[in-house]
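Here's the structure we're looking at; comments come further down.
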Amino acid sequence: MIRRRFPWFSYLVVVTGAVLTVVPFLDMVMTSFKGPGESGTLPYRFLPEAFDLSNYRAAIHQLDLPVLFRNSVLATAVITGSVLLTSSLAGYALAKLHFPGRNFIFRLVLSTMMFPPFLFFIPHFLILVHWPLAGGNDLFGRGGAGLTVSITALAMPFLVNGFGIFLMRQFMVSIPDEVLEAARIDGAGEFAVWWRIVVPQTKPVMVTLGLLTFVDAWNEYIWALLVSTANPDVMTLPVGIQLLQDYVDPTRTMPIVMAGLVLSILPVLILFLLLQKYYIRGVMLSGLK
Amino acid sequence: MVNALAPETTERVHSPRDAGSTGPAVDGRRRTRPRRRQAVVAYLFLTPTLLFFAVFLILPLGFALLLSMSRWAGFDLGDIDPVGLDNFADLFVDGSTFLTPILTNTLLFALGTVALALAGSVLVATCIDKLRFQGLWRTLYFLPIVTTVVAIGNVWKYMYEPGGLVNGVLNALGLGSVGFLQDPDTALPSVVVVQAWASVGTAILILTAGLKSIPESYYEAAALDGAGPVTVFWKITLPLLRPSLLFVCITQFITGLQSFALIIVMTKGGPGDATNVAALEMYRQAFSYGDWGTASAAAFVLFLVVLVVTLVQLWIFRRKGEDT
C-alpha cells in the first residue's frame, strides 16, 4: 500500500497543479464581469468590483454573436454528422464485408492519419476556390470564388476522418459474424444489417467519436480563419472573437472579449461535463489528440 | 487501449476467408453470387470515403508537390510556372530566415513543450494515482483540452500583460513587471509555457493508463524491503512507465513541430521573428503574401522533419515490441 503513503505531498502537487490549470479560466470569467477601466490596470485585481453583465450584452451585439453561433453550430453539426455516418459505413465495410481491395483501402485509411494537417491548408483552399460550377466558376474552376463563398467550405475538409473509420472498424470487428449471418438469412440486405444491427451495437463508440469530433470542430480555428477571410459571412465563433480582440483597444474591450470567450466555450464545456467518460475514452484511444 | 487495438489491425485484414477456402465446391458456387453482391455493397458503403480521399487527400498532395516546384502568384491555374527546386533552394539561401530563426524556433518550441509537459504530467499523474476522487482531478486537468485555442491564447496573452495576473503575482512578491510577449528574449518561452499547460491533460491521461498497468505487487514488495517513496518512484514507477513516457514524448514532439495556432493568436510570430515557427511561416507566405510556391516548399520541408520523427517513433516502438 505504498501508493497511498505520504498523501500530503501528492495533495500538494495535485492541488497546486489544479489551481494553475483552473486559475486562467477563473481569470477569464472574472474579467468578463469587470466594468470599464477595471481590467488591465495596475495594481492587478482578481475580483471585479461589481458583477457587471453589460460585457455579455456588448459581446452579443459587437460580435453579431447569433450569426457566429449559427455558423459554428451548422459547421460543427455537419462535420459531426458526416464523420459519424461515413465512419460507420466505411468501418462496417472494412470490418465485415469481403471485397477485393479491402486490404489496400484499410491501409489508405491508416495512412491518412500520418499526414500533418498543415500540409493541406494551401491545396484545400485552392481546390475550394477552383471548385467547378460553384460560386461563379466555370466547368474548369475558373472565374469565380468557388466554394469559398458558401458555408459548406467550413466543413468540407473535415467530412471524413481516417481515425473515425479506424475506430469504428476496430469495434465492429468484434461483432460476431453469426449475428449478421442470421439477419441475412432472414432476408435483410446489407444496408438493413448495418442500420438495424451494427449501428445500435456501436452506440457507445459513436458517442465517443461524435464527442471528439464535435469538440475538435467547434474549436477549430485556422481553417475557419482562412475561409472567413475569403468570405466574412461564414465566420465562426473563435474567428469572430479573435477578430474583435485584434482590432479594438485591448485594455478597454478585454472584458467584452472574455465574455465572448466564456459564451463560446460554454457549449463544449457542458457537453464535456455530461459525457466526459466518453470523451476521455476517445482521447485514450486516439492517443495524441 | 490503443495498444490493445493495434496488433489485430494487421491480422484481421488477412481474413482466412479471403483465401477462398470456403468448404466444398457446391457451397463455394452457391456463395459466389452473394459474395459478388457483397463487394458491390461494400464499395457503395465506401463511396463517400473514397471520393473524399481522392479530392481532399490524393489530389491535394499532388497539388502541393506541384506548387512547391512552381512559381505562381495568382489564382489562374494556367499561370503556374514550373521552377524545379528553386523554392527549396530559396529557403536555405544565405540571409534566409527559414533555417534561423524559424526552423530553430520550431525545434525549441517542440522541445520546450515536451520537456515542460512531460515533467508536469509525470509529477501530477503519479500523485493523482495515490489520491481519492481521481476522476474529479482528471476532469480539472482536462479543461484546457476541450477549450478553443482562441480562448487559451487570449486569456494567457491577457495574463502576461503588465496589468495581468502573472505580473500581478510578480508584483505582489515584490518583483518588477516583465513584458513577457513584448520582449524577444522571453516571448518564445512564454508561448511554450502556454502550449505545455494546454497539453498536460492529455499526457496525464496516457500516463495514468500506463500507471494502472503496473502491478500492485511490485509496490508491495518494495514496501516490504523498506523502500521510500522517492526510491519507489525512480526504481519502479519511472522504469515501468517508460513505454507510456516514450509515447507521450514522441507524439507531443510531433504535435509541437506542427503547432502554430496558439502562436497566431498570441504573438503572430513576433516580436520580429522571435516566435515564428515553420508552419506559421508557411501560412504567412501563402495567405499573407500569396506566395504559394515558397509556402508549399516550406510545408514539405516541415513535413520531412515530421516524417523523420514519425519514422524514428515507429522504429522505437517496433523495437520495443507489443508492450508499448
Side-chain angles (χ1 to χ4, degrees), chain A residues 2-7 10 13-14 17-18 21-22 24-25 27-28 40-44 86 89-90 92-93 97-99 103 106 112 114 116 118-120 122-124 130 157 159-160 170 173 190 215 219 221-222 226 238 241-242 245 254 257 261 265 268 272 276 280 283-285 287-288, chain B residues 1-2 5 12-13 17 35 38-39 41-42 45-46 48-49 52 56-57 60 63-64 123-124 127-128 130-131 137 139-141 143 146-151 154-155 158-159 161 163 165 168 171 202 205 209 219 222-223 229 232 251 255 258 261 265 279 286-287 292 295-296 299 303 306 310:
Chain A
I2 196 150
R3 277 186 190 213
R4 310 236 177 264
R5 259 212 267 165
F6 294 100
S10 300
V13 169
V14 172
T21 308
V22 176
F25 289 97
D27 196 38
M28 173 183 355
T41 49
L42 292 166
Y44 170 82
T86 55
L89 284 172
Y92 176 61
L97 299 178
H98 303 272
F99 59 94
N103 220 339
F106 186 60
T112 62
M114 307 247 304
F118 66 80
L119 204 55
F120 294 98
I122 299 170
H124 278 174
H130 293 288
L159 290 179
V160 175
Q170 295 311 102
V173 160
E190 284 309 322
V215 172
N219 291 336
Y221 175 60
I222 297 288
L226 277 180
I241 292 169
Q242 183 59 30
Q245 199 283 139
M254 196 46 79
V257 172
L261 289 175
I265 65 176
V268 182
F272 169 71
Q276 53 169 309
I280 285 172
V283 172
M284 286 178 121
L285 284 167
L288 68 158
Chain B
M1 269 194 270
V2 190
L5 291 170
R12 297 282 188 147
V13 180
R17 283 205 186 181
R35 187 63 64 85
Q38 215 178 56
V41 175
F45 277 32
L46 284 163
T49 297
F52 179 88
F56 287 99
L57 183 80
F63 203 3
L123 196 59
V124 172
C127 287
I128 285 185
K130 297 174 186 166
L131 301 184
W137 296 117
T139 304
L140 284 180
Y141 281 102
L143 284 176
V146 288
T147 313
T148 161
V149 65
V150 171
N154 279 305
V155 172
Y158 171 59
M159 293 202 314
E161 294 277 315
L165 194 151
N171 294 343
T202 312
L205 213 57
Y219 291 101
V232 169
T251 50
T255 312
Q258 306 177 23
V265 171
F287 299 104
W292 309 117
S296 302
F303 175 49
V306 173
T310 310

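First the proteins, then the strands, lettered A, B, ... as listed; each starts at 1. Just so it is clear, the values below take in all heavy atoms, side chains as well, and ignore hydrogens, waters and symmetry mates.
- In this structure the side chain of B:Thr49 reaches within 4.5 angstrom of the side chain of A:Val160, judged on heavy atoms.
- In this structure, the portions of B:Asn154 lying under 4.5 Å from any heavy atom of chain A include both its backbone and its side chain.
- The parts of A:Val13 that come within reach of chain B are both its backbone and its side chain, each placing non-hydrogen atoms under 4.5 angstrom from that chain.
- Using bins of under 30°, 30° to 60° and over 60° for the plane-to-plane angle, the ring pair A:Tyr92/B:Phe45 lands in the tilted bin.
- Interface check for chain B: of the options A:Pro116, A:Gly17, A:Pro24, the most heavy-atom pairs under 4.5 Å are formed by A:Pro24.
- Only the side chain of B:Phe287 comes within less than 4.5 Å of a heavy atom in chain A; its backbone stays farther off.
- Of the listed residues (A:Val215, A:Leu159, A:Ile222), the one with the most heavy-atom contacts under 4.5 Å to chain B is A:Ile222.
- Options B:Leu46, B:Leu165, B:Leu57 differ in how many heavy-atom pairs under 4.5 Å they form with chain A, and the most are formed by B:Leu165.
- Within the 4.5 angstrom heavy-atom criterion, atoms from both the backbone and the side chain of B:Thr147 approach chain A.
- Going from atom CZ of B:Phe63 over to atom NE2 of A:His124 covers 11.0 Å, rounded to the nearest 0.5 Å.
- Comparing B:Leu123, B:Thr310, B:Leu205 by how many heavy-atom pairs each has under 4.5 Å with chain A, the most go to B:Leu205.
- Contact between A:Pro238 and B:Thr148 at its shortest, heavy atoms only, is CB-OG1, 4.0 Å.
- In terms of heavy-atom pairs under 4.5 Å with chain A, the best-connected choice from B:Asn171, B:Val155, B:Val306, B:Val124 is B:Val155.
- Across B:Tyr141 and A:Ala18, no two heavy atoms sit closer than the pair OH-N, 2.8 Å.
- In this structure, B:Tyr158 and A:Asp27 have side chains that are in contact, with non-hydrogen atoms separated by less than 4.5 Å.
- Closest approach of A:Pro157 to B:Phe56, counting heavy atoms only: CA-CD2, 4.2 Å.
- For the pair A:Phe99 and B:Gln38, the minimum side-chain heavy-atom distance is 4.5 Å or more.
- Taking each heavy atom of A:Val268 and B:Val146 in turn, the nearest pair found is CG1-O, 3.3 Å.
- When side chains are defined from C-beta on, A:Phe272 counts as touching B:Thr139, because their heavy atoms get closer than 4.5 Å.
- Between B:Phe52 and A:Thr86 there is no side-chain heavy-atom pair separated by less than 4.5 Å.
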Intermediate values then yes/no, side-chain contact (heavy atoms from CB on, under 4.5 Å), B:Leu143 and A:Phe25: CA-CA 9 Å; B:Leu143 284 176; A:Phe25 289 97; 3.7 Å; yes
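- A pairwise comparison of heavy atoms in A:Leu261 and B:Ala151 identifies CD2-CA, 3.6 Å as the closest pair.
- In this structure, chain B has a heavy atom under 4.5 Å from the side chain of A:Gln276, while its backbone stays farther away.
- Heavy atoms closer than 4.5 Å to chain B are found in both the backbone and the side chain of A:Phe118.
- Here B:Pro60 is the residue among B:Ala299, B:Pro60, B:Pro48 with the most heavy-atom pairs under 4.5 Å with chain A.
- Of the atoms belonging to A:Leu89, heavy atoms from both backbone and side chain fall under 4.5 Å from chain B.
- Closest approach of B:Ala64 to A:Leu119, counting heavy atoms only: CB-O, 4.4 Å.
- For A:Ile280, the parts lying near chain B are the backbone and the side chain together; criterion is any non-hydrogen pair under 4.5 Å.
- Heavy atoms of A:Val14 lying under 4.5 Å from chain B belong to its backbone as well as its side chain.
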